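Bear in mind that the values here come from a model prediction, so they are computed numbers and not experimental data.
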Amino acid sequence: MSEPDTDIPIASTSDLLAAASSRLADGVVTEGKLPMTFEIAWEVCNKVGGIHTVIKTKVPQTISELGEEHYCCIGPYFPRARADVEEMEPSCPVMAATLSTLREAGVHAVYGRWLIDGAPKVLLLDVKASWGRADEWKQDLWTQTGIGCPWEDEEANNAIVFGYLTAWFFGEYLHQQLLQEVEDPPKIVAHFHEWLAGVGLILTRIRKLKLATIFTTHATLLGRYLCADPKCDFYNNLPYFDVDKEAGDRQIYHRYCIERGSCHSAHVFTTVSHITAYEAEHLLKRKADVITPNGLNVVKFSALHEFQNLHANSKAKIHKFVQGHFYGHIGPEWDLDKTLYFFTAGRYEFVNKGCDLYLESLARLNHMLKQTASDITVVAFVIMPAKTNNFNVEALRGQAVVKNLTDAVKGIQAKIGAKMLESVTRGELPQTDDLFDAVDKLKLKRGLLGAQRDTLPPVVTHNLVDDNKDDVLECIRRIHLFNDKYDRVKVIFHPEFLNPSSPLLPLDYEEFVRGCHLGV
């Protein structure tokens, strides 16, 4: 394998936007005049992959550099987004006129604030509401670019409709700037992420819209498929792949064309690492202009105890879930204070994301801990979205059992506290038998009997569609990690991204990460 080119510069947000703006014919950015920046991604307000977390965590820094009036995210509208967006009318006359025109033409667009750190402005375009135009737009894309899309590929069809809506928005936005005769309007920069947003970029260039474009790939589409093939020896053969043939053989040629067209159409092409730039140079046939590294916006604390307190609080919430999930199996040999929490999370790509190695390693760790008679227990989470029917009834029952026990104990605590206070105010020392009566003992006995189980704790929190063909479950069956009482490593497959409103594990991703000990 040849070495990746490490000479490609790493760029900050300001540097990236200045580089993009300078590619326009009159793109000199005057000092103090920031461009109006739109960040477009299928994952905006749509938690379907790691790009959602990337954008979400970079927003505070972007807002601090640009200011909220110079930044707006664009993504697809789904009904579940209503919980994440505070709808409002635009204060900018150009934006207000643009949305009014689009709505009059039948486009369903939602504008407001995305309720995350930084509270950026966000525009969501409803793909399903414009689905009636899909045939017309697909025909136009074929005429303009030669890229055809089969009807059975719903994801690619969604990308086309989303791309045409995005390009329509930009064309109307620029038109409204001219109509309203905005004096010295700011340069416009459109930053597109991945091929799912790429059709909009291609169209803005075809239509010669006066805006600067950036395209970022987080991992090439063809690279994902090739890496999943154990026979291809990806990095050693990277310079020698016939990319058109490989994409065609995997029936993703239309997607590959969208990605490659987006890459070559953009004024500035970026990747998130030097190794991805090396991959893109051979598969997309363009060298990255700059590197924009991914990373979580982890808050630094000047005092160590502040970070430790946050870790303890988040870990306590995970403890509570684990007590419910493994009810009836937490005996004297399992000390929760000596329990470590591991996790792997991301898009469901079993081999590409290393989930196979992760599970194999856990099986070996389980064997080692049992052989050494260790008193440490490891609870390992796999958080990858898969098709599910509903929650696993046994997983829900576990949380209900622990809630009943918690409520019973809290009630008894309150009664004991009141009796102790009453006894002390009379000048008497409380006696144990007076504090803990027979009714309380019966409540606890009922709780103990209800917390017994004859079955093993489930390895998955939901009922999966075709669970007999699921890669994660097949691997778990093969390595025999069934959450047996004597296993020192327990496995929990959570086939949905984390959600604070979940009845099982009510944590957001950042809080969950903070409570764990190791992420893979």
Report the residues that fulfil side-chain contact (heavy atoms from CB on, under 4.5 Å) with P185, sequence neighbours left out, ordered by chain and then residue number. Q177, V182
For D508, check side chain to side chain donor-acceptor pair (under 3.5 Å) against everything at least two apart and list the hits. none
Under the rule for side chain to side chain donor-acceptor pair (under 3.5 Å), what residues qualify as partners of Y253, not counting sequence neighbours? D244
Just to verify, which of D467, V465, L464 counts as forming a side-chain contact (heavy atoms from CB on, under 4.5 Å) with N389? V465
Below 4.0 angstrom, N of the basic side chain to O of the carboxylate: do R224 and E349 qualify? yes
By side-chain contact (heavy atoms from CB on, under 4.5 Å) - contacts of K245 (at least two apart): D242, D249
Within the 3.5 Å criterion, strictly below it, is a donor on T216 or H191 matched to an acceptor on the partner's side chain? yes
Among pairs that include at least one residue of residues 197-218, which meet ring pair (Phe, Tyr, Trp, His ring centres under 6.0 Å), considering only residues two or more places apart or in two chains? H193-H218
Is there a donor-acceptor contact under 3.5 Å linking the side chains of S273 and T276? yes
Please check: side-chain N/O of S314 versus main-chain N/O of H311, any donor-acceptor pairing under 3.5 Å? no
Against the six-membered ring of W151, is K138 placed for a cation-pi contact (under 6.0 Å from the centre, within 45° of the normal)? yes
Between F512 and L505, is there a side-chain heavy-atom distance shorter than 4.5 Å? yes
Could you go through residues 75-98 and list every donor-acceptor pair under 3.5 Å that involves a side-chain atom there, pairing it with any protein atom two or more places apart or in another chain?
residue	atom	partner	partner atom	Å
R80	NH2	N46	OD1	2.5
R82	NE	P79	O	3.2
T98	OG1	V94	O	2.7

Atom of L123, atom of C72 and distance for their closest heavy-atom approach: N-SG, 4.1 Å
Do any N or O atoms from the side chain of R250 and from the backbone of E246 form a donor-acceptor pair under 3.5 angstrom? yes
Just to verify, what does E154 make a side-chain contact (heavy atoms from CB on, under 4.5 Å) with, not counting sequence neighbours? K128, N158
Whether the N390 and N463 side chains hold a donor-acceptor pair (N or O, under 3.5 Å, no angle test) is what I'd like checked. yes
I'd like to know if K317 pairs up with E511 as an ion pair, taking the criterion as any Lys NZ or Arg NE/NH1/NH2 lying under 4.0 Å from an Asp or Glu carboxylate oxygen. yes
Give me each pair satisfying salt bridge (charged side-chain N to carboxylate O under 4.0 Å, His left out) with a member in residues 34-43, each pair once, sequence neighbours excluded. E39-K58, E43-R347
Shortest non-hydrogen separation from F192 to A197 and the atoms involved: CD2-O, 3.2 Å
Should the pair D356-K353 be classified as a salt bridge under the 4.0 Å nitrogen-to-oxygen rule? no
Could you pull out all residues at least two apart from K121 that satisfy side chain to side chain donor-acceptor pair (under 3.5 Å)? none
Which heavy atom in L507 sits nearest to a heavy atom in L498, and how many Å separate them? O-CB, 3.3 Å
All side-chain contact (heavy atoms from CB on, under 4.5 Å) counterparts of K403, not counting sequence neighbours: D407
Could I get the full list of side chain to side chain donor-acceptor pair (under 3.5 Å) partners for D470, not counting sequence neighbours? Y348
Under a 3.5 Å distance rule, please check whether Y256 uses its side chain to pair with a backbone N or O of L283 as donor and acceptor. yes
Salt bridge (charged side-chain N to carboxylate O under 4.0 Å, His left out) contacts touching residues 253-271 (sequence neighbours left out): D153-R255, E155-R255
C355 to M384 - nearest heavy-atom pair and separation: CB-CE, 3.9 Å
Could you tell me how the ring of F343 sits relative to the ring of Y509: parallel (under 30°), tilted (30 to 60°) or perpendicular (over 60°)? perpendicular
